[in-house]
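Worksheet: the structure to be examined is printed underneath.
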There are 2 protein chains.
Amino acid sequence: MVTDKNEWRQVLTARAIKPTYQRMAILESLSSDAGHPTVRALHARLVRTIPTLSKTTLYSTLELFARKGLVAPLLIDPAEARFDGILTPHHHFFCTSCGRILDLSLSCPNSRRGVVRGHRIDEVHGYFKGLCADCLSAPSSRTRHHPHKKRSPIHA
Amino acid sequence: MVTDKNEWRQVLTARAIKPTYQRMAILESLSSDAGHPTVRALHARLVRTIPTLSKTTLYSTLELFARKGLVAPLLIDPAEARFDGILTPHHHFFCTSCGRILDLSLSCPNSRRGVVRGHRIDEVHGYFKGLCADCLSAPSSRTRHHPHKKRSPIHA
DNA sequence: GTATATGCAAAGAATTTGCACTATG
DNA sequence: CATAGTGCAAATTCTTTGCATATAC
């Protein structure tokens with residue numbers, strides 16, 4: 001388990017990313033979060049440690065990490081972009097009540113890359129939506145994670 | 001095959017939706033489009049028939065249709081919302097070159113709803129990204145469908 | 001006729017860009 | 001030191017809201 005700053009430094013330098021203080025903190029925060037945070041949530045958490053951290057830096061860092069393969073953007077939450085720090089292929093579960101995104105590793109025969117009906121498959125995405133186990137047992141107590149979603153978008 | 005306006009009227013009234021001229025046109029346009037259009041594309045196509053059609057109406061109509069189960073919003077294209085007029089479960093393929101979304105009906109054992117590891121599954125989504133057959137054979141000639149994507153979002 | 005739908009203009013929110021300042025190696 | 005990163009503020013784009021007019025039954 002990677003825990004101290006030096007380890008994050010190595011992860012970054014190994015991918016030819018200049019290991020700044022912000023990047024190490026962002027990487028650490030991403031890796032320790034199992035809920036696949038939004039940019040806003042990530043920023044809210046990080047400003048407690050780095051009060052001057054800007055959203056600009058966060059966005060550019062996440063884009064950089066995505067290009068370097070350190071994180072994968074998730075298109076599940078209709079309202080905001082989310083990020084996945086894991087590299088092994090897996091499915092996701094989006095709880096429409098508490099807003100968390102959980103990992104689901106289940107076997108999927110379609111998870112192979114290659115060519116299907118003439119189309120070259122580069123990425124495979126699978127996700128589910130519904131109510132997570134916690135929300136099923138405690139219907140209203142877990143509605144917190146929803147930040148302040150004012151919109152009621154087309155995407156239910 | 002449903003082709004004339006009266007048929008669309010029936011589809012709408014059957015779902016207790018007031019069949020206005022705009023709604024019938026939007027429904028028809030959606031159903032005849034296999035590329036799962038964005039709001040912008042839909043609007044661009046429809047204003048040729050209904051010059052006064054506003055994006056506001058388009059958004060509210062799509063939200064209404066989604067609530068009534070006539071269309072399903074797609075979260076595949078990172079830049080814009082897309083819509084699927086089909087109701088049978090199927091996977092999608094997003095071509096990162098021409099931007100089209102194609103249907104892929106392939107068997108998937110995970111497409112069942114129900115309860116998985118304590119979570120209640122309400123929706124199942126599966127999609128692929130890559131280069132479609134057309135773009136593979138004609139690398140640059142099909143790049144049209146991309147409207148004017150100026151952003152280069154985090155989501156590759 | 002009355003309730004609902006439409007459309008314009010303006011607001012809201014997430015994300016991107018320009019540029020001066022700062023930290024890294 | 002020189003290059004590359006950071007952060008503030010302003011700009012962009014998609015989407016939603018408020019309200020007056022128009023349409024469906």
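Remember, predicted model here, so these are calculated numbers, not experimental data. Lettering follows sequence order; numbering is per chain, from 1.
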Exercise for review: Can you figure out which of C/dT15, D/dT17, D/dC8 approaches the side chain of A/V39 most closely?
Suggested key: C/dT15
Review point. Once you round it to whole Å, what is the distance between P of C/dT4 and NZ of B/K68?
Key: 12 Å
Point to revise | Whole-Å distance separating the CD1 atom of B/I17 from the P atom of C/dT4 | key: 15 Å
Point to revise | Comparing A/T13 and B/T61 on DNA chain C - which has the more 5′ nearest nucleotide | key: B/T61
**Study point:** Whole-Å distance separating the CG atom of A/L58 from the P atom of D/dG5
**Key:** 16 Å
Practice item. Specify the residue among B/P19 and A/Y21 whose closest nucleotide of DNA chain D lies further upstream toward the 5′ end. Key: A/Y21
**Study point:** Any donor-acceptor N or O pair under 3.5 Å, side chains B/R45, B/S29
**Key:** yes
Exercise for review: Give a yes/no on whether any side-chain N or O of B/T20 is located under 4.0 angstrom from OP1 or OP2 of C/dA5.
Suggested key: no
Check your understanding: Starting at CG of B/L62 and ending at C1' of D/dC14, how long is that distance when rounded to a whole Å?
Key -> 14 Å
Practice item. Please confirm whether B/H91 and B/Y127 have ring centers closer than 6.0 angstrom. Key: no
Check your understanding: Given the rule that I, L, V, M, F, W and Y join up when any side-chain heavy atoms are under 4.5 Å apart, are A/L70 and A/L42 in one cluster?
Key -> yes
Exercise for review: Classify the side-chain pair B/H90/B/D84 by whether it contains a donor and acceptor separated by less than 3.5 Å.
Suggested key: yes
Review point. Has A/Y59 got a side-chain N or O lying under 4.0 Å from the OP1 or OP2 atom of C/dT16?
Key: no
Practice item. Establish, with yes or no, whether the OP1 or OP2 oxygen of C/dG7 is under 4.0 angstrom from a side-chain nitrogen or oxygen of B/Q22. Key: yes
Please output the side-chain donor-acceptor pairs of residues 16-23 of chain B that fall under 3.5 Å, not counting sequence neighbours, one pair per line with the distance.
residue	atom	partner	partner atom	Å
B/T20	OG1	B/R23	N	3.2
B/R23	NH1	B/K18	O	3.0

Practice item. Round to the nearest Å and state the distance from A/L46 atom CG to D/dG7 atom P. Key: 11 Å
Practice item. Using a 4.0 Å heavy-atom cut-off across all strands, classify A/T52 as base, sugar-phosphate, or nothing. Key: sugar-phosphate
Point to revise | d(NZ, B/K55; P, D/dC14) in whole Å | key: 7 Å
Check your understanding: Between B/R23 and C/dT6, does any side-chain N or O lie under 4.0 Å from OP1 or OP2?
Key -> yes
**Study point:** Atom pair distance, as rounded to whole Å: CG in B/L12 and C1' in D/dC25
**Key:** 15 Å
Review point. Just to confirm, is there a sub-4.0 Å distance from OP1 or OP2 of D/dT6 to any side-chain nitrogen or oxygen of A/S54?
Key: no
Check your understanding: Given atom CG of A/L53 and atom P of C/dT22, what is their separation to the nearest angstrom?
Key -> 17 Å
Review point. Out of D/dT16, D/dC8, D/dA4, which has the shortest distance to the side chain of A/K18?
Key: D/dA4
